[in-house]
Amino acid sequence: MRRIHRTRRDWAADLGLMLFAACFAAASSDSIPIEEDLDPVWLTVDQVIGGLGCATVLLRRRWPVALAVALLLAGSELSHYLTGPAMVAVFTVAATRPGRATAWVAAVAFVPLPVFLWQLPEVSGDRKSSALTYFALIAGAIGWGLFRRSRQQLIASLRERAELAEADAELRAERARREAREEIAREMHDVLGHRLTLLSLHAGALEFHTKAPREEIGRAAGVIRESARLALSDLREVIGVLRAGPAEDERPQPELADVARLVAEARTAGCLIELTGPPGRPAPPPVVGRTAYRIVQEALTNARKHAPGAAVTVRVAGGPAGRLTVEVSNAPPPGATAGTCGGEGGRGEGGGQGLIGLAERARLAGGELSAGPAQGGFRVRAWLPWPAADTVSAAGQGEGGRRG
C-alpha cells in the first residue's frame, strides 16, 4: 500500500475540509426534502452514512478518484447528506489528477442530469430546487479544482523558469570567470615567456663562454638580473590582477609603438632581428596595437626557443581605413638543414599553445593569423582590421557618452 506522508499543513487542510463537509451537511439538512412517512430508523442511518462520508474526506489524498466516484454514487442512492464530502472529493480530483480522470469523474457526476431534466415537469418544486442546487455545487467544485490546478501549474512553471534563469546566470558567470582566467593565462604566457627566454639565452651564453671578457660577462649578468626583475614584476602584477579581479586591472597595456622597444630588448640578448615599421602616427586602436605587439612578442619567443641563432625579420605595415599586417619570419640558423626551424617553430615544449592563443587573439580582434614553414624557416603572419580614424573617434565618443 502506498504510504502518504502528510505535513502539518496537509493535516490542517484535510481536517478543515472534513469540518467543512460536516458543517455543510448540518446546514443543509433543513433544506433536504424528506418523505413524511420515512421511518426514523432510516433517517438515522442516512445521517450516520453522511457522518461516515465526512470522515472519508481524510482518504482523499490516497484514493481521490475512487473516493469521488463512491461518494457520488452513494449520494444519489443511499444518503442525502453526502453532498459536502462529494464536493470535497471532486474538487480534489480536479485539482490533483490528470484531465482524463477529472473528465471521468465529471461524467459520473452528471450522468443523472439528462434523466432529471427529462423528468423535470413531473418533479415537485422542493426536489427540483434541491437537485439543481446539487448539480450546480458539484460543477462549482470541479471548476474551483481546475482553477486551483492551473494556478499550481503556473506557479511551478514560474519557479522552473526562475531556476533555469538562475542556472543560466550561473553558467554565464562561470563562463566569464573562465574567460578571465584564460585571458590571464595568455597574458602570463606572453609576458613571462618573453622574459624567461631572454634570461635563459644569456644564462646559456655564460655557461658556454666561461672565458669571455669580463665586460661581456658583466653585461650579460646585468641583462639576466634585469630580465629576472622584470619577470618577477610582471608575475606580481598578473597575480595581483588574479586576486583583485579583472575589473581592477589598471596595468599599462603595450601598444604598437612598443614593438620597437621589444625588438631592441631582444637585440641586447644577441638576437639578429631586422625590423621594418611599425608605422607612426596615427596609432591603431588599442586592441589592434596590443594584439600586434603580442604576436611579435610570441613569435620572437618561439624563434629564440626553437631556432636559436637564426636571423629574424619583423615587418609591421598598414594604415587607417585598411588593415595592419604583422609578419615575423626566420631563416635557418647556421649549420641547420632546411626545414629545421619551420618544422619545430612554435611546437616545442609549449605544444603550440602560444600560436593557438595568438590565433584566438587575432580572431577576437576581427583578423586572422596563419603560421607554418616558409623557405626553410618558419613564418607567422597576421592581419588585423584598422578602421578609419573618424570611425574610431566616433566610437570613442559614443562610449564616453554612455559612460557619462
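Note that the numbering runs from 1 along the sequence shown for the chain.
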Shortest non-hydrogen contact between [X] and [Y], atoms and distance:
{"X": "Val93", "Y": "Ala68", "value": "CG2-CB, 3.9 Å"}
{"X": "Pro85", "Y": "Gly53", "value": "CB-O, 3.4 Å"}
{"X": "Ala365", "Y": "Thr291", "value": "CB-OG1, 4.0 Å"}
{"X": "Leu71", "Y": "Thr56", "value": "CD2-OG1, 4.0 Å"}
{"X": "Ala359", "Y": "Leu369", "value": "CA-CB, 4.1 Å"}
{"X": "Pro278", "Y": "Leu275", "value": "CD-CD2, 4.5 Å"}

Is there a side-chain contact between [X] and [Y] in this structure, where contact means two heavy atoms from C-beta onward sitting under 4.5 Å apart?
{"X": "Leu15", "Y": "Leu58", "result": "yes"}
{"X": "Val380", "Y": "Ile295", "result": "yes"}
{"X": "Arg149", "Y": "Thr96", "result": "no"}
{"X": "Val314", "Y": "Thr276", "result": "no"}
{"X": "Leu262", "Y": "Val296", "result": "yes"}
{"X": "Met18", "Y": "Asp14", "result": "no"}
{"X": "Asp10", "Y": "Arg61", "result": "yes"}
{"X": "Arg361", "Y": "Arg294", "result": "yes"}

Run His306 and Phe378 through side-chain contact (heavy atoms from CB on, under 4.5 Å) and show every step you take.
CA-CA 10 Å; His306 307 295; Phe378 197 83; over 6 Å; no
Euclidean distance, [Y] [atom2] relative to [X] [atom1], rounded to 0.5 Å:
{"X": "Ser157", "Y": "Leu164", "atom1": "OG", "atom2": "CG", "value": "9.5 Å"}
{"X": "Leu324", "Y": "Trp386", "atom1": "CG", "atom2": "CH2", "value": "6.0 Å"}
{"X": "Glu327", "Y": "Arg379", "atom1": "CD", "atom2": "CZ", "value": "5.0 Å"}
{"X": "Tyr293", "Y": "Glu255", "atom1": "OH", "atom2": "CD", "value": "11.0 Å"}
{"X": "Asp258", "Y": "Glu265", "atom1": "CG", "atom2": "CD", "value": "10.5 Å"}
{"X": "Lys305", "Y": "Leu300", "atom1": "NZ", "atom2": "CG", "value": "12.5 Å"}

Near [X] [atom1], under 6.0 Å, is it more than 12 heavy atoms from other residues, nucleotides or ligands?
{"X": "Glu166", "atom1": "CD", "answer": "no"}
{"X": "Glu174", "atom1": "CD", "answer": "yes"}
{"X": "Arg267", "atom1": "CZ", "answer": "yes"}

Taking [X] as the fixed residue, which of [options] is the one that meets the side chain to side chain contact (heavy atoms under 4.5 Å, CB included) rule?
{"X": "Leu384", "options": "Thr325, Val288, Leu256", "value": "Val288"}
{"X": "Val105", "options": "Ile142, Ile138, Val90", "value": "Val90"}
{"X": "Met87", "options": "Trp144, Tyr134, Phe20", "value": "Phe20"}

Chi angles and distances behind the side-chain contact (heavy atoms from CB on, under 4.5 Å) call for Arg97, Val65:
CA-CA 8 Å; Arg97 298 290 96 182; Val65 177; 3.9 Å; yes
Do Arg60 and Thr92 have a side chain donor and acceptor closer than 3.5 Å?
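Checked: Arg60/Thr92 side chains pair up, N/O donor to acceptor below 3.5 Å.
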